[in-house]
Structures are given as structure tokens and as C-alpha cells.
Amino acid sequence: MTRLRDLLRMTAVRLSAVFLLLFAVFAAVLLLYVTSTAQTLLQSQSRATIAEEIAELSQIYEGAGIVGLVRSIDRRSRRPGASLYLVSDASGRILAGNVESIQPGTLDDPGFTQRAFGYARYSENETDRVHTAVAEVLTLSNGMRVLVGRDVSDLERIRLIVRNAVILALVLMTVGALAAWVLVGRTALRRLNRMSASTARIMAGDLHERLPVDGSGDEFDRLSANLNLMLSRIALLQEGLRQVSDNIAHDLKTPLTRLRNRVEAGLSGSADEPRSRQALEGAMAEADNMIRTFDALLMISRVEAGSHPAIKTRVDLAELVAGVAELYEPLVEDDGGRLIVETDSLLPAVVSRELIAQAVSNLIDNALKYGETPERALVVRVRVRQSGSLIELSVSDNGPGIPTDKHDRVLERFFRLDESRTKPGSGLGLSLVQAIARIHDGTLRLSDAEPGLEVTLSFPAGEGEGTDGEGERGSV
């Protein structure tokens with residue numbers, strides 16, 4: 001009973017029941033329409049034929065009298081497949097024709113009979129004596145009656161055959177539908193039970209569990225595949241959250257300790273001593289670094305969550321990149337290096353000016369921090385070019401580069417190749433650039449510059465979108 005209740009709760013089973021009921025109703029209506037139409041058509045044809053014969057017999061009666069009429073009826077009644085013919089006296093006694101007996105009262109009213117009546121022919125078996133017919137009764141001037149009719153027994157038999165066929169079809173369809181409900185419903189219930197079991201394990205905390213996919217490609221498979229993608233994304237975000245929590249605890253412990261020590265050192269001396277001032281300035285610098293770290297984390301979270309107000313406008317990327325590079329050029333030259341910008345004269349694109357400028361700044365800053373080597377002077381190269389419908393913005397250096405197996409790791413938050421944390425930074429620069437790439441429907445790719453590292457940000461140019469004025473709010 002429980003399984004039956006589960007089956008009846010299924011939408012597919014309920015829809016099938018509704019379809020079966022509708023089919024039964026339509027089949028019954030169709031049956032009534034077909035039989036009534038056929039009956040009306042046959043009756044109309046019969047009436048037309050009977051009226052024509054009555055007119056002919058009336059003419060014969062007027063010309064040849066009752067003798068000629070009886071002879072004509074006798075002759076017509078002997079033809080193969082003849083209609084019904086009957087001549088009776090005023091009392092209703094049958095004098096001529098091919099009808100042995102007739103339902104009482106049929107000859108009482110002249111004109112067409114209101115309904116079919118029963119009759120029996122001569123020389124028939126007892127089992128074949130019951131027939132039905134429609135007819136027209138003509139009353140002669142001497143009181144005698146003439147009946148001309150058409151047999152409608154075949155129509156009744158056809159109606160019974162059609163009705164029985166429809167009833168049998170409905171019974172077979174009902175049995176087949178019930179069998180299909182049981183087979184299909186049990187299969188669907190098994191799959192739903194497996195999905196429910198998987199979701200129970202997922203809700204219990206096992207985010208590595210996935211909904212079953214049997215490869216049939218039906219709606220259950222498509223639903224499971226989409227939910228599995230969602231679960232993978234959730235697991236990835238949760239793993240990222242766990243890593244962020246661990247890295248925050250690890251990376252902020254040291255600056256907080258230094259901050260406390262410097263404040264303590266500042267408090268241990270007089271306020272006008274240089275040592276106290278130096279300690280407080282160092283504490284302020286540490287606090288600024290932590291604020292920048294939290295700002296970067298907040299921006300990454302907003303960008304990935306889609307809540308960052310990314311207002312996209314039509315921007316000349318060549319001008320934008322050149323402006324950002326100009327700010328870093330003095331820093332590169334102070335370290336004895338060169339900053340080279342290679343771009344077309346005009347590269348229009350619909351982007352967020354603020355976020356793209358942030359991405360370029362992060363990439364150049366990353367090259368400055370990790371591109372220096374004692375063997376050669378630093379060269380930072382910034383390229384912007386259009387490749388088909390994509391804009392490719394790349395920043396490369398001639399430093400030691402990053403091992404290929406670490407390319408994916410450096411995109412994680414707080415991951416740093418400098419495990420000793422001797423160089424400035426929080427390990428969030430490339431993570432923020434990757435988030436900016438996603439908000440622009442783009443990708444971030446790392447490759448070897450031989451020597452050095454090249455980081456390429458690719459995203460659609462977005463031509464035909466945005467405005468040159470206030471811009472439009474991006475869909476994030």
C-alpha cells in the first residue's frame with residue numbers, strides 16, 4: 001500500500017491517469033458522434049428511397065388499381081436484397097408482400113414510423129426472425145394499407161460491434177496503463193530513492209557524494225548532472241573557504257604579533273623618543289597591510305558572489321593600460337629595470353574600468369615582486385592585443401618564473417611560493433585577477449615566458465554593448 005501511495009503521488013502517474021480519462025471521454029464522445037451520424041445518414045437515405053418507391057406505387061395504384069399494385073409489390077418483394085413490402089386490409093391482416101409478421105401498432109399511423117419496429121420475414125430460421133426496420137405507411141382510399149420499409153438491423157449490429165470494440169480497447173488500455181504505471185513508476189521510484197539517499201548523505205556533510213547518473217539522458221539524468229555540477233561548485237567554494245580560514249589564521253598571526261610587539265615597544269618608552277615613534281609607525285604600517293589584505297579578500301568575495309557593482313562602459317584599453325603602467329614605471333626604473341608597453345593605438349572594449357585597472361596593477365605588482373633576479377635586470381612587458389572577438393592582456397617578466405605544477409596553486413588565495421613570507425604581499429593578487437576575469441566572462445592563463453612568467457587575461461571585447469557615458473551595470 002505504501003508503494004501504491006508513492007506511485008499515486010508521482011506527477012507522471014497522475015498525468016497518465018488524466019490522459020487516460022480524457023481519452024476515454026473523447027472515445028465515448030467520438031463513438032456517439034459516429035454512430036448517431038451514421039444512423040442519421042442511413043435513415044435519410046432510407047427515407048429518400050422509401051419516399052421514391054411510395055411515389056411509384058401511388059402512380060401504379062392510380063393507373064392499375066389494387067390488382068396492379070399487389071402485382072407490383074409481389075414482383076418487387078422477390079428481388080434479391082429487396083426492401084420491405086406489405087399490403088394489408090383495413091383490419092391489419094397481411095395480404096401480400098415479403099413480411100410474415102410485424103410489430104403491433106406499426107400500421108396504425110400513416111406516414112414515416114417514429115422509431116424502428118420489429119418484423120419477421122418468410123422462410124427464416126427461428127434464430128434469424130428478429131429484425132428491425134423503418135418504413136412509411138400509405139393508407140389507400142378503400143382503407144387498405146401499404147408499407148414500404150428498409151431493414152436497419154445491420155446498423156444496430158455495427159453499433160454494437162463498435163461499442164464493444166471501444167469498450168475492449170478502453171479495458172486493454174486501462175490494463176496496459178496500470179502495467180506501465182507499475183513498471184515505469186517502480187523504476188522512477190527506485191531512482192528517486194537513490195537520489196534521496198544521496199541527498200541525505202550530502203545533507204549529513206558528505207559533499208563528495210554525487211547523485212546517480214545512469215547515462216540514459218532522461219530528465220532524471222539531466223537533473224542529476226546539473227545538481228552534481230552545483231555540488232561540485234559548492235564543494236569548491238567550501239574548500240576555498242576552508243583554505244581561506246586556515247590561511248587567514250596563518251598569515252595574519254605573524255603581522256598581528258609584530259603589531260603587538262611594536263605597540264608594546266612604543267609604550268615602554270617616552271612618547272617623544274624616536275624609538276617609540278618608529279615603533280608606532282611600524283605598527284601603523286602593519287595595520288595598513290592587514291587592511292589591504294582584508295580589502296582584497298572582501299573584493300574577491302564580492303566579485304565571486306556577483307555582488308560587486310561592476311559598471312561596464314566603453315573603454316579604450318590601450319589608454320587605460322598605458323595609464324596604469326605609467327604609475328609603475330618609476331618603481332621599475334628605481335630598481336634598474338624597464339617597463340615596456342606594447343599595445344595597438346586604439347582598443348575599444350566594454351569592461352569595468354575600475355576592475356581592469358586593478359587587474360593590470362596586480363599583474364605588474366606581481367611581476368615587480370617576483371621577477372627580480374641577481375643575474376639580470378628586470379624587464380616587465382605589458383601587451384594588449386585583440387584576437388578575434390577576444391581581448392588578450394598579458395604581463396610577463398624575465399625572472400625565475402613558476403614551476404608548471406604550481407600554476408594552478410598560485411591562483412589560490414594566500415598561496416605563496418615564498419613560504420618564509422620574506423617578501424611583501426598576501427598571496428591574493430592573482431586570485432583577485434582571476435575573479436575579475438570571471439566577472440568579464442574571461443579566463444586567466446599562466447605560461448612560461450622563457451625566462452620568466454607570463455600571465456594572460458583573456459575576455460570578450462563586448463562590442464555593441466555598454467555606453468560611452470554612465471555605462472551599464474554588468475550582470476554579475
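Everything numeric here is computed off the predicted structure, so don't read it as measured data.
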Listed partners of Thr443 passing side-chain hydrogen bond (donor to acceptor under 3.5 Å, both in side chains), at least two apart: none
Any pair counted as salt bridge (charged side-chain N to carboxylate O under 4.0 Å, His left out), so long as it reaches residues 439-454, sequence neighbours left out: Arg383-Glu454
Arg150 CZ to Arg47 CZ distance, which is reported to the nearest 0.5 Å: 14.0 Å
Atom CD of Glu319 with >12 non-hydrogen neighbours under 6.0 angstrom: no
Expected output: side-chain Asn398 to main-chain Ala377 donor-acceptor under 3.5 Å: yes
Enclosure of Glu326 CD (heavy-atom neighbours >12, cutoff 6.0 Å): no
Donor-acceptor under 3.5 Å (Ser361 side chain, Ala357 main chain): no
Main-chain N/O of Leu346 paired to Asp316 side chain as donor or acceptor, under 3.5 Å: no
More than 12 heavy atoms of other groups within 6.0 Å of Arg338 CZ: no
Ser352 backbone acceptor or donor facing His440 side chain under 3.5 Å: yes
Verdict with reasoning, Glu209 to Ser198, per side chain to side chain donor-acceptor pair (under 3.5 Å): CA-CA 7 Å; Glu209 177 69 21; Ser198 298; 3.3 Å; yes
Option from Val321, Leu393, Val384 for which side chain to side chain contact (heavy atoms under 4.5 Å, CB included) with Leu347 holds: Val384
Heavy-atom closest pair, residues Ala135 and Gly149: CB-CA, 3.4 Å
Minimal non-hydrogen separation, Leu457 against Ala359, with atom names: CD2-CB, 4.1 Å
Residues which pass side-chain hydrogen bond (donor to acceptor under 3.5 Å, both in side chains) with Asp151, listed by chain and number, not counting sequence neighbours: Tyr119, Ser153
Any donor-acceptor pair under 3.5 Å from Ser224 side chain to Pro212 backbone: yes
Worked verdict on Arg210 versus Ser232 for side-chain contact (heavy atoms from CB on, under 4.5 Å): CA-CA 9 Å; Arg210 293 295 179 267; Ser232 298; 3.4 Å; yes
